[in-house]
Amino acid sequence: MSEIQLKLPDGEIKTFPKGTTVGAILKSLEIGDSIIGAKVNGKLADFWFEVESDATVEPVTQNSPPGLHLIRHTAAHVMAEAVQDLFPEVKVTIGPVIENGFYYDFDFSSGFTPEDLEKIEAKMREIIKENKPLVRKKVSRGDAIRTFEREGETYKVEIINDLPPEEQITIYEQGDWHDLCRGPHAPSTGFVKAFKLLSIAGAYWRGSENNPMLQRIYGTAFSNKKDLEDYLTKLEEAKKRDHRRVGKELDLFSIQEEIGPGLVLWHPKGAKVRRIIEDFWRSEHERRGYDILFTPHVAKLDLWRTSGHLDFYRENMYSPMDVENADYQIKPMTCPFHIMVYKIKIRSYRDLPFRWAEIGTVYRYERSGVLHGLLRVRGFSQDDAHIFCRPDQIEQEVLGVLDLTVFFLKTFGFDDYEVYLSTRPEKFVGSEENWERATVALEDALKAKGLNYEVDEGGGAFYGPKIDLKIKDVLGRAWQCSTVQVDFNLPERFDMNFVGDDNKRHTPIMIHRAIFGSFERFFGILIEHYGGAFPLWLSPVQSRIATIGEEQIPFAESIYGILKENNLRVEKDFRNEKLGLKVREAQLEKIPYLLVIGNKEAETGTVAPRKLGGKNLPSMTAEEFLNLIEKENDPHKWREAGQYS
RNA sequence: GCUGGCGUAGCUCAGUGGUAGAGCAGCUGACUUGUAAUCAGCAGGUCGGGGGUUCAACUCCCUUCGCCAGCUCCA
C-alpha cells in the first residue's frame with residue numbers, strides 16, 4: 001500500500017497509508033473531543049473522508065463556522081428522521097445548510113402545524129440523546145435507486161438519476177434511518193447540542209413553480225445552548241429595528257389596505273427625511289454634471305411598444321387606460337421619456353455625454369406575495385438617470401457613476417454591501433464587440449474603485465451587462481439598490497443617433513443607473529440601518545426644547561426662535577409635565593438632542609443639551625450649541641464628527 | 001400567484017359557542033414638575049369584509065381582502 005504525507009496543525013509532517021480516514025488521522029493526534037471534523041487542503045471533511053494524496057489537515061472544532069456547518073447538516077438529518085418517524089407518509093427531498101441554520105424540504109400533503117414543530121423537536125431531542133453515529137456507506141447507483149424506490153422516496157431517486165455518472169453515491173446512516181447524502185456530517189447525532197426549529201414555509205421542488213409545493217422547515221443549531229440563546233436574542237433585537245415596525249412607531253409612513261397594497265403614504269416626518277435626501281441628491285448630481293428632468297406619469301402605449309417593454313415587461317405593467325380612444329400606459333420605467341428628450345433634435349458627438357436624472361415615480365405590478373414594507377412595493381420613486389454617450393466614453397462614465405455611488409452610500413453610513421457584475425446571457429442584442437467593450441469597461445471601473453465583486457456569469461439583461469449593488473436588511477436579506485446597466489437595445493429601437501467627427505450617424509450608448517434604486521427601498525433600509533435613530537443631518541426632528549417650569553417659557557421661546565432662524569429642525573415641549581416624561585418621549589421618538597431649560601439655564605441664557613442615549617452636555621448658549629452640531633449637521637462632514645448615536 | 005400562519009380599541013395584546021377585556025395612547029380635571037412613565041375620572045370596538053351552521057358565533061364552516069414567513073419574481 002502506498003503512503004501519503006500529511007501536514008498537521010503543529011507543522012509536523014507525518015506519513016499515513018493512502019486512504020486513511022480523517023477520523024483515524026485525528027484519533028492518532030489525540031486531540032480533544034471538541035474536534036468534529038477537519039479541513040483537508042482547506043476543504044471541509046468529516047471523519048469518513050479518505051485522504052488519497054498528500055495534504056494539509058487542519059482539525060475543525062465544534063463552534064467554528066465549518067464545525068457549525070457539520071452540526072447543522074446533521075441537525076437537518078436528525079429533523080428528517082424525526083419527521084419520518086412521526087409522519088411515515090412524508091417523503092424527504094433535500095436538506096441543506098444555509099447561512100444561519102438549515103432547512104429540509106418534505107413532501108407532505110397535509111402540511112405541518114406549529115404544534116407539529118414542537119413534537120418534531122421533542123423527537124429530535126430523543127434522537128440526539130441516543131447519540132447515534134452517522135455512518136457513511138458507499139453504494140452503487142443501482143443499489144441506491146433500488147433502495148429508495150423500495151422506500152417510495154421518489155425525490156431521492158430523481159436526484160440520483162440526475163447525478164453525474166462518475167459520482168460516488170453515498171448514504172449516511174444513523175441507526176436504522178438513512179438518507180442519500182454527500183456529507184460531510186458530524187460523527188454522531190449527539191453533536192447537535194442546541195437547536196431550534198424556527199418556521200414552516202412552502203417551497204417548490206427544485207425552485208420551480210411548475211413543480212409540486214413542498215413543506216420546508218427552517219431551523220438552526222449550535223454547539224452549545226448559549227450560542228443558540230445569543231442567536232435567538234439577536235433575531236429578536238433585529239426585529240425591533242424592522243422598518244415596518246419603526247416606521248409605525250416613529251410615524252414615518254404607512255401602507256393601507258384602503259389605498260392598496262404596495263402603495264406608500266409618506267407621513268410628515270418620513271417625507272421630511274425624503275426631502276432632505278432629495279435635496280442632497282439633486283445638489284450632488286448637479287455638481288457632477290447631471291441635469292434634472294421631469295417627465296409624465298403616463299404616455300401613449302405605443303411608446304412602450306417601441307421600447308419593447310410591451311413584449312418583455314408586460315407582466316409587470318398595469319393595464320392601459322383609454323383616453324379619447326387612445327391607449328395610455330402608466331409608466332413602469334422612465335427611460336423612453338429621456339430618449340425622447342434626446343431625439344428632439346440632432347445631436348453631435350461634441351454634445352455627449354448627456355447625464356439626465358429624474359426622481360420619477362413608476363408603477364409596476366408585483367405579485368401579492370412578494371410585497372414587503374417599503375422594500376418591495378408597487379409604486380416607487382426611482383433616482384433614475386440615463387447617460388447617453390459614445391462607446392469610447394463608457395468606462396469614464398461608469399467610473400463616474402461608481403464614484404458617485406460609493407460616495408452616496410458612504411455619506412448615508414453604508415460601508416457594507418455586495419457588488420455583482422453580470423455578464424452576457426445566452427440571448428442578447430448588440431454586437432459581441434460592444435458587449436466585450438462594455439463588460440471590460442464595467443470591470444475596469446470596479447477595479448479602479450477597488451470594489452470587491454462577484455461575477456454573475458450570463459446574468460446580465462439581454463440588452464447589456466450591468467453592475468448591481470445590494471444592501472442587506474435587518475433580517476439579512478439582500479436588496480438591490482444601486483445599479484449600472486449598459487444598454488445596446490433602446491438606442492437601436494428608438495433609432496437614436498449622433499453625428500460623429502466623421503460626419504456620419506452613429507448610435508449612442510445608453511447607460512441606465514440608479515443609486516438608491518428607489519427612495520422607498522432606500523428609506524426602508526436606512527430606517528433599519530439606524531433603527532430609526534437617524535444621524536442629525538437626516539433626522540426629521542433634530543432637537544426639542546423642554547422646559548422644566550412655566551416661568552422659563554418666554555426664554556425658551558427666544559431660544560426656539562434663534563434655532564429656527566438657523567434652520568434647525570426644532571420642536572417645543574413646554575407642557576406642564578415632569579422632565580422625566582419629556583426625556584422619555586424624546587428618547588422614544590429618537591430625537592438627537594433634547595435641550596433642557598430650567599431656571600439655571602434661563603438665568604444664564606443657556607440650554608442644557610441631552611444627547612439621544614442619555615449623555616448630558618454642559619450648559620451652553622444657543623450659538624454654542626449650533627456651533628457644536630455644525631459638523632454633525634453637514635452631510636459631507638458628519639462622519640468625521642465620529643458619532644451619531 | 002403558490003404553501004403555511006395571522007387579522008379583537010389608535011398601539012401592544014388577553015378572551016376555546018352564552019350578546020367583548022387590560023395596559024399604553026386619547027380626552028377632562030388635579031398636580032407646577034431637573035434627565036426614560038404624577039394621579040384620578042371619562043370615552044373608545046357592527047372582533048378585517050361577506051355568507052353559512054346554531055336558540056345563540058370573536059369563537060365552528062365557506063368565501064373574500066389584507067398582513068407575516070418562505071418559494072417564485074424584481075428597484
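Note on naming: letters A, B, ... go to the chains in the order of the sequence lines (proteins, then strands), and numbering restarts at 1 for each one. Just so it is clear, the values below take in all heavy atoms, side chains as well, and ignore hydrogens, waters and symmetry mates.
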Using the C1' atom in both, what is the distance from B:C58 to B:C6, to the nearest Å? 15 Å
Any base atoms under 4.0 Å from A:Arg521, or only sugar-phosphate, or nothing? Heavy atoms, all strands. base
Ring centers of A:His73, A:Tyr104 separated by less than 6.0 Å: no
Please classify the nucleic acid contact of A:Glu601 as base, sugar-phosphate, or nothing, using heavy-atom distances under 4.0 Å. base
Any side-chain N or O of A:Arg216 below 4.0 angstrom from OP1/OP2 of B:A69? no
With a 6.0 Å cut-off on ring centres, are A:Phe428 and A:Tyr463 close enough? no
Can you tell me how far P in B:A57 sits from the matching atom in B:U38, rounded to whole Å? 44 Å
Looking at A:Tyr204 and B:G1, is any side-chain donor or acceptor paired with a base atom of the opposite kind under 3.5 Å? yes
As a test of reading the structure: which of B:G70, B:A36, B:C71 is closest to the side chain of A:Val370, going by heavy atoms? B:C71
Provide the distance between the two P atoms, one in B:A25 and one in B:C11, to the nearest whole Å. 15 Å
Taking the C1' atom in each of B:C55 and B:U19, what is the distance between them to the nearest angstrom? 13 Å
List, with names and distances, any nitrogen or oxygen atoms from the protein found under 3.5 Å away from nitrogen or oxygen atoms belonging to nucleotides 12-16 of chain B.
none

In whole angstrom, give the distance that lies between atom CZ of A:Arg314 and atom P of B:C74. 18 Å
Would the A:Phe414 and A:Phe522 ring centres measure less than 6.0 Å apart? yes
For B:G7 versus B:G15, give the span between their C1' atoms, rounded off to a whole number of Å. 15 Å
Over all strands shown, is A:Tyr103 touching base, sugar-phosphate only, or nothing at heavy-atom distances under 4.0 angstrom? nothing
A:Asn576, nearest nucleotide to its side chain (from B:C31, B:A37, B:G70): B:C31
Assess A:Arg72 against A:Phe102: is NZ or CZ under 6.0 Å from the centre of the six-membered ring, and within 45 degrees of the ring's axis? no
Interatomic distance, A:Glu550 CD vs B:U33 P [rounded to whole Å]: 10 Å
Is B:G21 paired to anything, Watson-Crick or G-U wobble with both distances less than 3.5 Å, and if yes, which nucleotide? B:C13
I'd like the C1' distance from B:A9 over to B:A20, given in whole Å. 11 Å
Would you say A:Gln480 reaches B:A75's phosphate, i.e. side-chain N/O to OP1/OP2 under 4.0 Å? yes
With a 3.5 Å limit on both atom pairs, tell me what B:U35 is paired to, counting Watson-Crick and G-U wobble, or say none. none
Counting distance alone, no hydrogens or angles: does the base of B:U72 have a donor or acceptor under 3.5 Å from a partner atom on the side chain of A:Arg367? yes
Which nucleotide sits closest to the side chain of A:Glu366: B:G1, B:C73, B:G34? B:C73
Using the ring pair (Phe, Tyr, Trp, His ring centres under 6.0 Å) criterion, which residues pair with A:Tyr155? Sequence neighbours excluded. A:Trp205
Applying the Watson-Crick and G-U wobble criteria at under 3.5 Å, what pairs with B:G70? Answer none if nothing qualifies. B:C2
In terms of side-chain heavy atoms of A:Glu209, which of B:G70, B:U35, B:G1 is nearest? B:G1
Which nucleotide in the list B:G70, B:A75, B:U35 gets nearest to the side chain of A:Arg364? B:A75
Has the side chain of A:Arg376 got a donor or acceptor that lies under 3.5 Å from a partner of the other kind on the base of B:C73? yes
Using a heavy-atom cut-off of under 4.0 Å over every strand shown, decide if A:Arg378 touches base, sugar-phosphate, or nothing. nothing
Charged N-O contact under 4.0 Å between A:Lys269 and A:Asp251: no
Taking the six-membered ring for Trp, are the ring centroids of A:Phe112 and A:Phe106 within less than 6.0 Å of each other? yes
Sub-6.0 Å ring centroid separation between A:Phe108 and A:Phe87: yes
Walking RNA chain B from its 5' end, the first of A:Thr113 and A:Gly580 to be reached, judged by nearest nucleotide, is A:Thr113
Rounded to whole angstroms, how far apart are CD on A:Glu551 and P on B:U33? 7 Å
The Watson-Crick or G-U wobble partner of B:U28, with both key distances under 3.5 Å, is B:A40
NA contact type, A:Val362, heavy-atom cut-off 4.0 Å: base, sugar-phosphate, or nothing? nothing
Starting at the 5' end of RNA chain B and moving along, which residue's nearest nucleotide shows up first, A:Gly549 or A:Ser518? A:Gly549
With a 3.5 angstrom cut-off on both distances, give the Watson-Crick or G-U wobble partner of B:G45, or none if there isn't one. none
B:C74 and B:U16: how far apart are their C1' atoms, nearest whole angstrom? 43 Å
From the candidates B:G70, B:A36, B:G34, the one with an atom nearest any side-chain atom of A:Leu579 is B:G34
Is any side-chain N or O of A:His372 closer than 4.0 Å to OP1 or OP2 of B:A69? yes
B:C24 phosphate, OP1 or OP2, under 4.0 Å from A:Arg584 side-chain N/O: no
Is the ring of A:Phe380 stacked on the base of B:A75, with centres less than 5.5 Å apart and planes under 30° off? yes
With sugar-phosphate meaning primed atoms plus P, OP1 and OP2, does A:Asn316 contact a base, only sugar-phosphate, or nothing at under 4.0 Å between heavy atoms? nothing
State whether A:Ser368 places a side-chain N or O below 4.0 Å from either non-bridging phosphate oxygen (OP1 or OP2) of B:G1. yes
Given that both distances must come in under 3.5 Å, which nucleotide forms a Watson-Crick or G-U wobble pair with B:C58? none
In whole Å, I'd like the distance from the OH atom of A:Tyr417 to the P atom of B:A75. 19 Å
Tell me the interatomic distance from A:Lys240, atom NZ, to B:C11, atom P, rounded to whole angstroms. 20 Å
Backbone N/O of A:Asn100 and side chain of A:Thr220: donor-acceptor pair under 3.5 Å: yes
Take the protein atom CG of A:Leu263 and the nucleotide atom P of B:G66, then report the distance between them rounded to whole Å. 11 Å
Between B:G26 and B:A43, how many Å separate the two C1' atoms, rounded to a whole number? 9 Å
Take the angle between the ring planes of A:Phe412 and A:Phe516 and call it parallel below 30°, perpendicular above 60°, tilted in between. perpendicular
Can you tell me how the ring of A:Phe222 sits relative to the ring of A:Tyr231, calling it parallel under 30°, perpendicular over 60° and tilted otherwise? tilted
Using a 4.0 Å heavy-atom cut-off across all strands, classify A:Gly598 as base, sugar-phosphate, or nothing. base
Do A:Lys123 and A:Glu118 pass the salt bridge (charged side-chain N to carboxylate O under 4.0 Å, His left out) test, and can you show the C-alpha distance, the side-chain angles, and the key distance before you say yes or no? CA-CA 9 Å; A:Lys123 181 57 80 179; A:Glu118 286 171 33; over 6 Å; no
Separation of B:U33 P from A:Glu585 CD (nearest whole Å): 19 Å
Could you tell me whether A:Ile548 contacts a base, only the sugar-phosphate backbone, or nothing, with contacts defined as non-hydrogen atoms closer than 4.0 Å? base
Using whole Å, report how far OH of A:Tyr365 lies from C1' of B:U72. 12 Å
